[in-house]
2 protein chains.
Amino acid sequence: MSGNNIRRSMPLFSIGIVMQLTELSARQIRYYEEHQLITPMRTEGNRRLFSLNDIDRLLEVKDLLEQGINLAGIKKIFSVKEEVEVETETIKQAEKIRRDLTDVELRKLLRAELLQGGKNRTSLRQGDMSRFFH
Amino acid sequence: MSGNNIRRSMPLFSIGIVMQLTELSARQIRYYEEHQLITPMRTEGNRRLFSLNDIDRLLEVKDLLEQGINLAGIKKIFSVKEEVEVETETIKQAEKIRRDLTDVELRKLLRAELLQGGKNRTSLRQGDMSRFFH
DNA sequence: AATTAATGTGAGAAAACATAACATTTAATT
DNA sequence: AATTAAATGTTATGTTTTCTCACATTAATT
């Protein structure tokens with residue numbers, strides 16, 4: 001999942017290409033950056049380099065603007081979205097930790113059982129075999 | 001399938017980006033173009049614009065060169081590959097045509113059967129109903 | 001030693017992009 | 001109606017990137 005994200009945030013496209021892909025003017029794109037709706041990378045020579053994520057954002061900005069929402073509103077919408085994403089990500093990770101922990105518990109139990117096998121002969125393998133040797 | 005191909009042949013990347021992605025020098029890239037291993041598009045202002053396919057090709061060129069194959073060899077390899085691709089495409093299409101034709105045959109048969117229902121009363125529906133009205 | 005294939009390097013011109021300032025348009029507010 | 005603010009257009013000027021072309025270098029082959 002993360003590999004794809006890296007790819008989508010890779011700075012690849014010049015402003016000329018982005019203009020074509022989004023049908024926005026350079027002025028518009030720069031203006032939206034000025035208002036922090038996107039934050040494209042820069043080359044050593046200070047040229048903007050846009051990622052696929054940037055392009056997605058620009059298309060969304062365009063769409064929302066056409067719906068009559070102003071830049072302030074769009075910015076807020078983005079920040080809310082961002083929050084939601086962070087939260088779901090946190091939940092996901094918590095879920096993963098929970099799973100991992102229960103796995104650890106499970107292994108602990110199994111390990112205890114195996115170690116106890118010396119004294120109390122009721123280990124799994126013996127239990128299985130006992131069907132044939134009684 | 002074709003939509004993806006269009007995307008992969010879309011002229012998007014400047015030579016600077018391609019240099020970074022392929023770790024080839026501009027000289028090398030232009031030289032390979034000169035020898036028709038790639039044919040990037042041009043902007044109105046005569047700048048090269050590379051597609052994902054171009055980049056793939058360049059990486060393959062690089063790889064084959066490192067294996068000691070010269071440009072002539074690489075060119076031949078590409079043309080052979082191209083031929084193979086064309087052939088498999090042709091086979092695929094022939095296969096599709098065959099399928100479509102047999103479908104047509106099938107429908108023809110069904111249609112003939114339905115039309116004949118007026119004279120010889122053994123149509124499917126009547127056949128079904130006859131179980132209850134005998 | 002000479003030739004060839006692949007790549008490096010430098011010059012000069014053109015294209016693309018940068019910022020900045022001022023102009024225009026449109027919609028909202030007074 | 002006049003004013004203001006938001007969004008975009010336009011123009012000017014400087015810098016970066018890319019273009020082609022020519023010549024140089026390197027390594028392998030004859």
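In what follows, chains carry the letters A, B, and so on, assigned in the order in which the sequence lines appear, proteins first and then strands, with residues in each chain numbered from 1.
- A straight line from CD of A:Glu34 to C1' of D:dT8 spans 12 Å, rounded to a whole angstrom.
- Taking atom CG of A:Leu49 as the reference point, atom P of D:dT16 lies 15 Å away to the nearest angstrom.
- Counting to the nearest Å, the C1' atom of C:dA16 and the CZ atom of B:Phe13 are 18 Å from each other.
- Residues A:Ile15 and A:Arg30 meet the side-chain proximity criterion, which asks for heavy atoms closer than 4.5 Å.
- Among the atoms of the strands shown, only primed sugar atoms or phosphate atoms (P, OP1, OP2) are found under 4.0 Å from some heavy atom of A:Arg48.
- Between D:dT17 and B:Ser14, no contact under 4.0 Å exists linking OP1 or OP2 to a side-chain N or O.
- For the pair A:Lys62 (side chain) and A:Thr22 (backbone), a donor-acceptor distance under 3.5 Å is present.
- One finds a salt bridge joining A:Arg98 and A:Glu95 here, because a Lys/Arg side-chain nitrogen approaches an Asp/Glu carboxylate oxygen to under 4.0 Å.
- When the P atom of C:dT7 is taken as reference, atom CD1 of B:Ile29 falls 11 Å away, rounded to whole Å.
- Proximity of B:Thr43 to the phosphate of C:dA15: no side-chain N or O atom is located under 4.0 Å from OP1 or OP2.
- Minimum atom distance to the side chain of A:Arg42 is reached by C:dA18, of the listed C:dA16, D:dG9, C:dA18.
- In this structure, A:Arg27 atom CZ and C:dT24 atom P are separated by 15 Å, rounded to whole Å.
- When each of A:Ala26 and B:Gly45 is assigned the nucleotide of DNA chain C with its nearest heavy atom, B:Gly45 is the one assigned upstream, toward the 5' end.
- Between B:Arg48 and B:Asp54, no side-chain nitrogen of the basic residue sits less than 4.0 Å from a carboxylate oxygen of the acidic one, so the salt-bridge criterion is not met.
- Judged as a salt bridge (charged side-chain N to carboxylate O under 4.0 Å, His left out), and not counting sequence neighbours, A:Arg27 has no contacts.
- Taking atom CG of residue B:Asn46 and atom P of nucleotide C:dA14, one finds them 12 Å apart after rounding to whole Å.
- Below the 3.5 angstrom threshold, one finds a donor paired with an acceptor across the side chain of B:Arg47 and the base of C:dA15.
- Under the 4.5 Å side-chain criterion, counting only non-hydrogen atoms from C-beta, B:Lys75 is not in contact with B:Phe78.
- Atom CG of A:Leu49 is separated from atom CD1 of A:Ile17 by 12.0 Å, given to the nearest 0.5 angstrom.
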Identify the pairs formed between an N or O of the protein and an N or O of nucleotides 2-6 of chain C at a distance under 3.5 Å, and give each distance.
unit_1, atom_1, unit_2, atom_2, d
C:dA6, OP1, B:Leu71, N, 2.7

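- In this structure, the CD atom of B:Glu23 is 14 Å from the P atom of C:dT7, given to the nearest Å.
- Separating the NZ atom of A:Lys62 from the P atom of D:dA7 is a distance of 16 Å, rounded to the nearest angstrom.
- Closest contact between the side chain of A:Ser25 and the listed nucleotides D:dT17, C:dT19, D:dG9 involves D:dG9.
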